[in-house]
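So the structure is just underneath, and the comments pick up after that.
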Amino acid sequence: MGVSPGLIGALIGFVVGVVEYRIVSTLVIGGLRRTDQSKTPEERDDYERRIRWVRAALVVLMIGVTPVVGYVIGQTVFG
């Protein structure tokens, strides 16, 4: 009894998702911080809150969805 192709695909998808997240989040969040034109602490806090939402969305989309896609591909192609 071996490991299913779907689980291998999910593991590969997870690794790809983490790498993709690190690259994209660095570029996107860095770009957002460079374009921050907040003038007051309240504006800066609001901007940082929005950046946290972007970061959360990136985590869900890249680290959450990519393993699922990897699982489906692994099961479909090799299962």
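None of the values given here were measured: they were computed from a predicted structure.
Checked for salt-bridge contact, Arg33 and Asp36 miss the test: no charged N lies under 4.0 Å from a carboxylate O.
Follow the hydrophobic side-chain contacts under 4.5 Å out from Val16 and you never reach Val59; the two are in separate clusters. Val24 and Val18 fall within the same hydrophobic cluster, where Ile, Leu, Val, Met, Phe, Trp and Tyr residues are linked whenever their side-chain heavy atoms come under 4.5 Å apart, directly or through other members. Under a hydrophobic-cluster definition in which Ile, Leu, Val, Met, Phe, Trp and Tyr are linked whenever side-chain heavy atoms come within less than 4.5 Å, directly or via other members, Val69 and Phe78 are assigned to the same cluster. Residues Leu27 and Leu58 do not share a hydrophobic cluster, clusters being chains of Ile/Leu/Val/Met/Phe/Trp/Tyr side chains in contact below 4.5 Å.
With rounding to the nearest 0.5 Å, the separation of CZ in Phe14 from CD1 in Ile63 is 6.0 Å. Taken to the nearest 0.5 Å, the CZ atom of Arg22 stands 13.0 Å off from the CE atom of Met62.
By the neighbour-count criterion of 12 heavy atoms within 6.0 Å, atom OH of Tyr21 is densely surrounded, having more than that number from other residues, nucleotides or ligands.
The shortest side-chain heavy-atom distance between Ser25 and Val28 does not fall under the 4.5 Å cut-off. For the pair Asp46/Glu43, no side-chain contact is recorded, criterion being any heavy-atom separation below 4.5 Å from C-beta on.
Judged purely by atom type and a 3.5 angstrom limit, Tyr47 has no side-chain atom pairing as donor or acceptor with the backbone of Gln37. Side chain of Gln75 to main chain of Gly6: a donor-acceptor pair is present (N/O by atom type, distance under 3.5 Å, no hydrogens or angles). A donor-acceptor contact shorter than 3.5 Å links the side chain of Thr35 to the backbone of Leu32.
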